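The structure under discussion appears below in the form of structure tokens.
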Amino acid sequence: MFDAVFAVPRQLTAVARRVLVSTLEAVEAVPKIAAALDDVRATLKHSERLATFAAGELPEIVYQLEEIKARLEKLETSGTRPDRVS
């Protein structure tokens with residue numbers, strides 16, 4: 001009979017201890033989560049800068065490729081070998 005009387009407080013103590021340990025672990029994880037979020041934010045910012053740079057350079061690259069294509073077509077029609085393109 002005394003076992004039943006003491007079992008409830010032991011179970012409550014065990015539950016309270018698990019809640020406390022879980023709470024402490026969650027509090028300890030907050031700085032790690034914040035640091036990870038800062039890393040993600042920095043990565044997104046860097047990706048945005050890269051995308052902006054690529055979008056700015058893409059028209060120039062397309063223009064240069066069209067110029068190269070036109071030169072190669074001109075060389076093909078003239079019958080010369082493109083050993084050295086100036």
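In this text the structure is predicted, and so the values were computed from the model without any measurement.
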Using the test side chain to side chain donor-acceptor pair (under 3.5 Å), find all partners of E60 that sit at least two apart in sequence or belong to another chain.
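Only Q64 meet the side chain to side chain donor-acceptor pair (under 3.5 Å) criterion with E60.
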State the [atom1]-[atom2] distance between [X] and [Y], to the nearest 0.5 angstrom.
X	Y	atom1	atom2	result
T13	L20	OG1	CG	12.0 Å
L12	R10	CG	CZ	11.5 Å
F53	L58	CZ	CG	11.0 Å
S22	R17	OG	CZ	10.0 Å

Please lay out, stage by stage, how T43 and H46 fare under the test side-chain contact (heavy atoms from CB on, under 4.5 Å).
CA-CA 5 Å; T43 301; H46 186 68; 5.7 Å; no
Heavy-atom side-chain proximity of [X] to [Y] below 4.5 angstrom:
X	Y	result
R49	T52	no
E66	V62	yes
D38	R41	yes

